[in-house]
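Presented below is the structure to which this report refers.
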Amino acid sequence: MPELPEVEVIRRGLERFVCGRTIASASVHHPRTVRRHLGGADGFVGALAGRRFEAARRRGKYLWLPLDSGDALLAHLGMSGQLVVVPQDSAAEKHLRARVTFADGGPQLRFVDQRTFGNLMVDPRGATLPALIAHIAPDPLEPCFDDEVFYRALHRRRTGIKRALLDQSLVSGVGNIYADEALWRTRLHWARPTETLTRNEVFVILAAVREVMAAALAVGGTSFDSLYVNVNGESGYFERSLDVYGRAGQPCRRCGTPIRRDPFMNRSAYSCLRCQPRPRRARW
DNA sequence: CCTGCCGCCTGCGCGC
DNA sequence: TGCGCGCAGGCGGCAG
């Protein structure tokens, strides 16, 4: 889905409804879903059968569930992936891609993914930090995230601030929505060259990222439609709190100027040109 | 190395 | 109605 708050909502659901349960069997219904698992669908299913989920962890937008074997089930939801916990006998979802059945006969864990950008894999020695996400930077809600390190990395970059916020090797968990929301809160334009940002500006951006993520988390994340739901299929309510994302043409909540949408990386960047004046030297 | 672009998918809403 | 287009919360791979 989803960005950090939505993935964290899912993680909490998995912790509650899946941890401690033993897997009877797993099945894969679309080959693309396990394309990153080296052993293919058979290896994936074999690595899960009989194992027990021990925990539910997250870094940025990645989720992983350590198993009692020392491996971990690693999930990335991509643009449209959902992890839901539903009764065993409930009808197959249209885009059901994989499922896990439990030995206790209770609700199943299902991976539903319309666009198949998401993926699942069993990562060896994934109990602590899966090897495949080693290149992902800590997310801003982790205690180990170092604001000073982030500032220095930004200072060396030659790109725009929004592109940098979306770069998961600099900071993880930030996506298109929360990048725009945090920049609006800090009154900085998305094309501001990173090397011109002061240390204080960078710290203020990080504080805004944390604020907007915490606020979203408190109400169950952002759901524009039925694609973005928690493990029980319930929507979050943060959409009604968005200040710029998706509000093209509507008045800025601070100054009333119509919110502008600019094409950006085959997607969109939303901003208020009065609150967030475009820098003379813009980068994107 | 670093930066930025393209492709991967399905579905929806819009204008014609 | 139908069709084509643009758009959608992401990221890996690769070219320059």
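Each chain gets a letter, A, B and so on, in the order its sequence line appears, and its residues count up from 1.
Within 6.0 Å of the CZ atom in A:Arg16, the count of heavy atoms belonging to other residues, nucleotides or ligands does not exceed 12.
Under the Watson-Crick or G-U wobble criterion, with both distances below 3.5 Å, C:dG2 is paired with B:dC16. The nucleotide B:dC9 finds no pairing partner, because no Watson-Crick or G-U wobble arrangement with both distances shorter than 3.5 Å includes it. The pairing partner recorded for C:dG9 is none, the criterion being a Watson-Crick or G-U wobble arrangement whose two distances lie under 3.5 angstrom. Base pairing annotation: B:dC1 forms no Watson-Crick or G-U wobble pair, as no partner gives both donor-acceptor distances under 3.5 Å.
Rounded to whole angstrom, the span from the OH atom of A:Tyr178 across to the C1' atom of C:dG9 amounts to 9 Å. One interatomic measurement links the two molecules: OH of A:Tyr237 to P of C:dG9, which rounds to 22 Å at whole-angstrom precision. If you take CG of A:Leu166 and P of C:dG9, they are 10 Å apart, rounded to a whole angstrom. Here the C1' atom of nucleotide B:dT3 and the CD atom of A:Glu195 are 13 Å apart, to the nearest Å. Rounded to a whole Å, the CH2 atom of A:Trp284 is 23 Å from the P atom of B:dC2. Residue A:His76 contributes atom NE2, which lies 7 Å from atom P of C:dG12 at whole-angstrom precision. If you take CD of A:Glu239 and P of C:dA8, they are 14 Å apart, rounded to a whole angstrom. Whole-Å rounding puts the A:Asp113 CG to C:dC11 C1' distance at 13 Å.
For the residue pair A:Thr222 and A:Glu239, no side-chain donor N or O sits within less than 3.5 Å of a side-chain acceptor on the partner. Between the side chains of A:Arg261 and A:Ser268, at least one donor N or O lies within less than 3.5 Å of an accepting N or O.
Distance check on atom P: C:dG9 versus B:dT3 gives 23 Å, rounded to whole Å. When the P atom is compared between C:dC7 and B:dC5, the two are found 16 Å apart, to the nearest whole Å. The P atoms of B:dC12 and C:dC11 are separated by 24 Å, rounded to the nearest whole Å.
In the set C:dG10, B:dC9, B:dT3, the nucleotide with an atom closest to the side chain of A:Arg115 is B:dC9. When each of B:dT10, B:dC8, C:dA8 is scored by its nearest atom to the side-chain atoms of A:Arg261, the top-ranked nucleotide is C:dA8. Side-chain atoms of A:Arg163 lie closest to B:dG4 of the nucleotides B:dG4, B:dC9, C:dA8. Distances from the side chain of A:Arg158 to the nucleotides C:dC11, B:dT3, C:dG12 place B:dT3 closest. Checked against B:dC9, C:dG12, C:dA8, the side chain of A:Tyr270 finds its nearest nucleotide in C:dA8. Between C:dG9, C:dA8, B:dC9, one nucleotide has an atom nearer to the side chain of A:Ser268 than all others, and that is C:dA8. Side-chain proximity of A:Ile177 to C:dG9, B:dG4, B:dT3: nearest is C:dG9. When each of B:dG11, C:dG9, B:dC8 is scored by its nearest atom to the side-chain atoms of A:Gln114, the top-ranked nucleotide is B:dG11. When the nucleotides C:dG12, C:dG10, C:dA8 are ranked by their closest atom to the side chain of A:Tyr245, C:dA8 comes out on top. When distances are taken from the side chain of A:Gln168 to each of B:dC5, C:dC11, B:dC8, the shortest belongs to C:dC11.
Applying the 4.0 Å criterion to OP1 and OP2 of C:dC11, one finds that A:Lys61 has a side-chain N or O inside that range. Contact annotation: A:His135 side-chain N/O to C:dG12 OP1/OP2 distance is under 4.0 Å. Applying the 4.0 Å criterion to OP1 and OP2 of B:dT10, one finds that A:Lys94 has every side-chain N and O outside that range. Contact check, A:His95 against B:dT10: no side-chain N or O comes under 4.0 Å of OP1 or OP2. For B:dC9, neither phosphate oxygen OP1 nor OP2 lies less than 4.0 angstrom from any side-chain nitrogen or oxygen of A:His30. Residue A:Ser80 has no polar side-chain atom (N or O) positioned under 4.0 Å from OP1 or OP2 of B:dT10. Between A:Arg267 and C:dA8 there is no side-chain N or O to OP1 or OP2 distance below 4.0 Å.
Under the 4.0 Å criterion applied to side-chain N and carboxylate O atoms, A:Arg11 and A:Glu8 are assigned as salt-bridge partners. By the 4.0 Å N-to-carboxylate-O rule, A:Glu3 lies too far from A:Lys61 to be salt-bridged with it. Between A:Arg152 and A:Glu148, at least one side-chain nitrogen of the basic residue sits less than 4.0 Å from a carboxylate oxygen of the acidic one, meeting the salt-bridge criterion.
Between A:Asp167 and A:Asn266, it is A:Asp167 whose nearest contact on DNA chain B lies nearer the 5' terminus.
Residue ring and nucleobase are stacked for A:Phe117 and B:dC8, with a centre distance beneath 5.5 angstrom and an angle between planes beneath 30°.
Remark: aromatic rings of A:Trp190 and A:Phe264 are close, center separation under 6.0 Å.
Each of A:Arg254, A:Arg187, A:Arg253 was scored for a salt bridge (charged side-chain N to carboxylate O under 4.0 Å, His left out) with A:Asp243, with one residue passing: A:Arg253.
Within the 4.0 angstrom heavy-atom criterion, only backbone atoms of the sugar-phosphate kind lie near A:Tyr62; the bases stay farther away.
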